[in-house]
J.: 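Let me begin by handing over the structure; questions about it come next.
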Amino acid sequence: MIYFDHNATTPLDGRVLEAMSPFLTSFYCNPSSLYRHGRLARSAVDTAREQVAALLDTTAASIIFTSGGTEANNLALASIPVGGKLAVAATEHPSISEPAKRLGRQGHGLAVIAVDADGLLTEDALTKLDAFQPQFISVMLANNETGVIQDVARYAGAWRDKGIIVHTDAVQAAGKVPVSFKQLNVHLLSLSSHKIYGPKGCGALVFDKSVPINPLIVGGGQEQDLRSGTENVAAIVGFGKAAELAKAGLAESGQRLLALRNLLEARLAEIPGLTIFAQSALRLPNTVQFGLPHVDGEMLLMKLDKKNIAVSSGSACASGGSEPSPVLTAMGVGPALAKSALRLSLGQSSTEAEISQFITVLKGLVCQA
Ligand code: PLP
């Protein structure tokens with residue numbers, strides 16, 4: 001299979017599996033147990049916490065392990081003060097936009113921050129935001145569909161100074177571009193293990209101690225009493241290893257992926273009428289989203305699947321839905337072009353040969369259409 005869907009998920013790195021394996025077999029003890037094997041599990045969780053913290057330029061004490069990016073985003077939103085108003089960018093992942101809508105229905109004031117054709121916050125929206133006076137703002141660092149990188153650091157300081165709690169969803173950015181919790185100047189940051197060649201069902205919320213977190217899951221008091229439940233030790237160990245590897249390989253993989261993406265975009269430009277969304281914006285080095293007039297993106301995805309090529313028609317979670325991508329709609333892309341969209345996200349296994357093969361197949365399918 002040609003796998004061009006690394007923003008949906010990544011395969012488990014062999015070295016990650018190797019690190020996890022003893023904790024699925026021999027070292028199965030509960031990290032809260034006081035005997036030696038329990039302490040050993042605790043120490044492995046602590047090491048993973050250091051590794052994840054190092055990837056994000058933060059302290060181990062600021063990491064809360066969760067069941068993934070979705071839980072981290074929901075937990076971040078749970079820190080909204082009682083009755084507080086919140087604002088989220090129009091291009092957020094459903095794990096932010098859906099709980100935000102629910103908070104809106106529960107009586108919290110909710111504003112959606114508009115974006116321009118590149119998916120970047122508009123000056124007009126920022127002015128309106130000032131007037132709205134939210135207590136909480138969430139703006140994602142890199143978009144899962146377009147790969148567009150938002151200049152979160154540019155806004156976060158000013159928002160912070162106004163006493164606003166600032167959160168960023170860095171699930172797609174982490175491991176692909178440098179991410180510094182300190183430099184971003186946010187209070188809360190989410191990430192997910194399975195986007196960085198770690199296991200699924202594991203993630204983290206990075207938090208600033210000044211923010212009172214309201215735990216979603218209460219019980220035994222694990223994770224500083226902010227996320228109870230016996231730790232998924234093997235997954236956390238895998239996440240830590242994946243973070244360590246991502247940090248070590250960041251510069252090299254960024255350059256390699258960018259070169260591949262440039263090649264892919266140059267080859268896509270050979271197809272008449274094809275539009276690459278937000279092409280001139282700063283984007284993740286691995287992501288390209290494009291549209292083709294008079295083409296149904298889902299149908300094209302299925303035809304590519306028959307040729308053993310895996311791509312996405314938008315965010316993986318939205319696949320199967322008949323609505324155009326809310327991200328593209330927010331960027332002002334019309335419904336017909338938005339419904340034709342395909343997202344390609346490259347990764348460690350991607351090669352020039354795969355890109356050539358993909359272009360040949362795509363040209364054949366588009367000409368048939
Ligand atoms: N945030 C973004 C930007 C994502 O792309 C995803 C997954 O697609 C998530 C959050 C959810 O992460 P998880 O799959 O770990 O729940």
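Atom set for the values below is all heavy atoms of this structure, side chains included, hydrogens, waters and symmetry mates excluded. Just follow the structure's listing: the first ligand is 1, and inside any ligand the first atom is 1.
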J.: Are the side chains of Y3 and T9 in contact, using a 4.5 Å heavy-atom criterion?
T.: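 SC-SC contact between T9 and Y3 confirmed.
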
J.: Which atoms of ligand 1 are found less than 4.0 Å from any heavy atom of N144?
T.: 3 (C), 5 (O)

J.: Take atom CD of E265 as the centre, draw a 6.0 Å sphere, and report whether it contains more than 12 heavy atoms from other residues, nucleotides or ligands.
T.: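 It does: E265 CD has more than 12 such atoms within range.
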
J.: Before giving the answer on salt bridge (Lys or Arg N to Asp or Glu O under 4.0 Å), spell out for K101 and E98 the whole-Å C-alpha distance, their side-chain angles and the decisive distance to 0.1 Å.
T.: CA-CA 5 Å; K101 281 184 214 157; E98 289 304 318; 2.8 Å; yes

J.: Heavy-atom contacts with G68 under 4.0 Å: which atoms of ligand 1 show up? List them by number with element.
T.: 15 (O)

J.: Would you kindly specify which portion of T70 sits under 4.0 Å from ligand 1, judged on non-hydrogen atoms: side chain, backbone, both or neither?
T.: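 The part of T70 near ligand 1 is both the backbone and the side chain.
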
J.: Could you tell me which atoms of ligand 1, counted from 1 in the order shown, lie closer than 4.0 angstrom to a heavy atom of Q172?
T.: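 The atoms of ligand 1 under 4.0 Å from a heavy atom of Q172 are 3 (C), 4 (C), 5 (O).
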
J.: Select one of side chain, backbone, both or neither to describe which atoms of N73 lie under 4.0 Å from any atom of ligand 1, heavy atoms only.
T.: side chain

J.: May I ask you to identify, for K195, whether its side chain, its backbone, both or neither come under 4.0 Å of ligand 1 on a heavy-atom basis?
T.: side chain

J.: Classify the angle between the aromatic ring planes of F239 and F65 as parallel (below 30°), tilted (30 to 60°) or perpendicular (above 60°).
T.: perpendicular

J.: Just wondering, do L328 and L337 contact through their side chains at under 4.5 Å, heavy atoms?
T.: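 No, side chains not in contact.
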
J.: Can you find an N or O of A8 that's nearer than 3.5 Å to an N or O of ligand 1?
T.: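 Not met; the criterion fails.
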
J.: Mark up the atoms of ligand 1 that fall under 4.0 Å of a heavy atom belonging to M140, in ascending order.
T.: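 Contacts of ligand 1 toward M140, numbered from 1: 3 (C).
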
J.: Under 4.0 Å, heavy-atom basis, I'd like to know which part of H194 is in contact with ligand 1: side chain, backbone, both or neither.
T.: side chain

J.: Is there a donor-acceptor contact under 3.5 Å from the side chain of R283 to the main chain of A278?
T.: yes

J.: Would you mind listing the cluster partners of M140? Hydrophobic ones only (ILVMFWY), side-chain contacts under 4.5 Å, chaining allowed.
T.: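 The other cluster members (ILVMFWY side chains, heavy atoms under 4.5 Å, direct or chained): none.
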
J.: Looking only at distances, please establish whether an N/O atom of ligand 1 is found under 3.5 Å from an N/O atom of D169.
T.: yes

J.: Tell me whether D305 contacts the main-chain N or O of L301 through its side chain, where contact means a donor paired with an acceptor under 3.5 Å.
T.: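 Pair absent, no side-chain N/O of D305 close to backbone of L301.
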
J.: Taking the non-hydrogen atoms of S95, is any one of them nearer than 4.0 angstrom to ligand 1?
T.: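 Within the 4.0 Å threshold, so yes.
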
